[in-house]
There are 2 protein chains.
Amino acid sequence: MYTISEISRLTETTAHTIRYYEKEGLLFPTRTKSGVRRYDETQLTWLRFVLRLRATHMPIDQIREYVKLFLASSETHDTSLERLRLLEAHQQNVRAQLAELIRTEQMITEKISVYQQLHPLVKETF
Amino acid sequence: MYTISEISRLTETTAHTIRYYEKEGLLFPTRTKSGVRRYDETQLTWLRFVLRLRATHMPIDQIREYVKLFLASSETHDTSLERLRLLEAHQQNVRAQLAELIRTEQMITEKISVYQQLHPLVKETF
DNA sequence: GCTTGACTTAGAGTTGACTCTAACTTGTAG
DNA sequence: CTACAAGTTAGAGTCAACTCTAAGTCAAGC
């Protein structure tokens with residue numbers, strides 16, 4: 001079981017942010033008698049997943065929605081299909097971002113090659 | 001020469017945002033006698049470039065820096081090398097984003113395949 | 001027992017990038 | 001000439017995601 005400072009170090013995320021994610025309903029550490037947060041491997045793995053989703057600009061609202069569905073799942077009401085749909089939606093999003101990045105990478109590479117070839121005969125634009 | 005509403009339509013950006021970019025020092029339309037903005041092809045092309053940089057999360061500060069260098073360039077003080085450095089820095093950034101997106105895309109794809117194979121024997125995690 | 005450092009909370013503050021409002025002026029079709 | 005659509009401004013407001021503050025509690029080593 002990890003303390004918040006251990007989790008902070010392991011994920012390179014400030015303790016402030018980790019508490020903020022908990023307040024936003026993304027994390028559920030257990031607590032010691034005196035109220036100190038304790039994180040297990042499952043929570044650590046999940047936080048790492050969350051950080052990946054965030055790094056690819058999935059809004060906190062949507063991550064919370066995913067968590068809510070997970071927690072709401074039961075034998076009488078299975079939410080795995082809805083969770084799958086959320087993941088698929090974000091996957092589409094990630095692919096769109098990839099396409100934009102690839103196009104922009106090419107554009108910058110071209111621009112850089114213009115700069116590298118630059119001499120007085122070449123008229124500059126922005 | 002285009003009006004702001006034409007530029008807005010052509011770039012799918014609100015006129016509000018276009019004026020905001022001007023206030024931030026990214027755009028320099030000419031003006032009619034009465035003060036109405038007019039954009040030429042160069043400005044349109046440059047705005048499209050800016051939008052690409054923004055879509056790949058280049059901060060407005062840095063784009064402004066690039067513009068300032070361009071405008072400051074003269075025969076006695078050439079800034080093209082500094083502009084090249086800015087572009088290269090963003091290129092590194094774009095490549096880092098690409099790497100993160102690719103890793104996350106794989107992670108989501110794996111997660112999705114877990115959901116698709118899901119049956120009562122598989123223990124769910126988040 | 002005391003100090004020190006890590007933890008706790010509610011809530012305020014910051015940042016970046018828009019996004020909008022209100023009051024006003026200008027261009028153009030009928 | 002008039003209506004009205006489209007333009008102008010300074011500055012206020014919004015939003016997401018942190019980021020920090022202050023005041024306090026608790027656990028471990030001397």
Side-chain angles (χ1 to χ4, degrees), chain A residues 1-40 43-44 47-67 89-90 93 97 100 104, chain B residues 1-40 43-44 47-68 86 89-90 93 97 100 104:
Chain A
M1 296 290 272
Y2 307 103
T3 63
I4 198 163
S5 57
E6 283 162 348
I7 288 291
S8 172
R9 188 171 34 73
L10 289 169
T11 60
E12 290 171 300
T13 306
T14 68
H16 280 311
T17 301
I18 295 166
R19 288 195 200 96
Y20 165 70
Y21 283 175
E22 181 179 343
K23 194 160 59 179
E24 291 299 313
L26 309 190
L27 293 174
F28 304 92
T30 55
R31 300 286 185 126
T32 63
K33 244 175 260 175
S34 62
V36 176
R37 291 168 179 84
R38 285 291 141 86
Y39 299 83
D40 62 13
Q43 286 290 302
L44 176 56
L47 175 55
R48 288 191 163 128
F49 194 102
V50 168
L51 291 172
R52 274 286 174 69
L53 296 177
R54 289 292 310 121
T56 56
H57 312 102
M58 184 158 174
I60 283 175
D61 287 15
Q62 278 173 40
I63 304 175
R64 180 179 31 237
E65 190 55 32
Y66 181 89
V67 173
H90 187 55
N93 204 318
Q97 289 179 63
E100 179 64 56
T104 303
Chain B
M1 298 289 271
Y2 308 102
T3 63
I4 199 163
S5 57
E6 283 162 349
I7 289 290
S8 171
R9 188 171 33 75
L10 289 168
T11 60
E12 290 171 301
T13 306
T14 68
H16 280 312
T17 300
I18 294 166
R19 289 196 199 94
Y20 165 70
Y21 283 174
E22 182 179 344
K23 195 161 58 178
E24 292 297 314
L26 309 190
L27 293 174
F28 303 92
T30 55
R31 299 286 186 127
T32 63
K33 243 174 263 177
S34 62
V36 176
R37 291 170 179 82
R38 283 293 140 84
Y39 300 83
D40 62 13
Q43 287 289 303
L44 176 56
L47 175 54
R48 286 189 164 131
F49 194 102
V50 168
L51 292 171
R52 274 286 173 68
L53 296 177
R54 289 292 311 119
T56 56
H57 312 101
M58 183 159 175
I60 282 175
D61 287 14
Q62 280 174 39
I63 304 175
R64 178 177 32 236
E65 191 55 31
Y66 180 90
V67 173
K68 268 177 62 185
L86 274 181
H90 187 56
N93 202 317
Q97 289 179 62
E100 180 64 58
T104 304

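A note on names: the letters A, B, ... follow the listed sequences, proteins ahead of strands, and every chain is numbered from 1.
- Side chains of Ser8(A) and Ser5(A): a donor-acceptor N/O pair is absent below 3.5 angstrom, by distance only.
- Within the nucleic acid shown, Arg37(B) comes within 4.0 Å of sugar-phosphate atoms alone, with no base atom in reach, counting heavy atoms only.
- Within 4.0 Å of Thr14(A), counting heavy atoms only, lies no atom of the nucleic acid at all.
- Per the geometry, CZ belonging to Arg9(B) stands 16 Å off C1' belonging to dG7(D), to the nearest Å.
- In this model, the phosphate group of dA17(D) is not approached by any side-chain N or O of Tyr21(A) to a distance below 4.0 Å at OP1 or OP2.
- The residue Arg54(A) sits close only to the backbone: its heavy atoms come under 4.0 Å of sugar-phosphate atoms, none of a base.
- The distance from the NE2 atom of His57(A) to the CD atom of Glu100(B) is 9.5 Å, given to the nearest 0.5 Å.
- Between Arg31(B) and Asp61(A), it is Arg31(B) whose nearest contact on DNA chain D lies nearer the 5' terminus.
- Atom C1' of nucleotide dC18(D) and atom NE2 of His57(A) are separated by 14 Å, given to the nearest angstrom.
- In this structure, CZ in Phe49(A) is found 14.0 Å from CZ in Arg54(A), a value given to the nearest 0.5 Å.
- Met1(B) places its CE atom 15 Å from the P atom of dG7(D), with the value rounded to the nearest Å.
- Leu26(A) approaches Ile60(A) most closely through the heavy-atom pair CD2-O, 4.0 Å.
- The span of DNA chain C lying next to chain B, judged by atoms under 4.0 Å from heavy atoms, is bounded 5' to 3' by dA17(C) to dG27(C).
- Side-chain atoms of Ser5(B) lie closest to dA6(D) of the nucleotides dA6(D), dT21(D), dA17(D).
- Comparing Ser34(A) and Tyr20(A), the nucleotide of DNA chain D nearest to each residue sits closer to the 5' end for Tyr20(A).
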Working note: Arg31(A) + Glu22(A), criterion salt bridge (charged side-chain N to carboxylate O under 4.0 Å, His left out); need CA distance, chi angles, decisive distance, verdict. CA-CA 13 Å; Arg31(A) 300 286 185 126; Glu22(A) 181 179 343; 2.9 Å; yes

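- Considering all non-hydrogen atoms of both residues, Leu10(A) and Arg48(A) come closest at O-NH2, 3.3 Å.
- If you check every strand for non-hydrogen atoms under 4.0 Å, Lys33(A) touches nothing.
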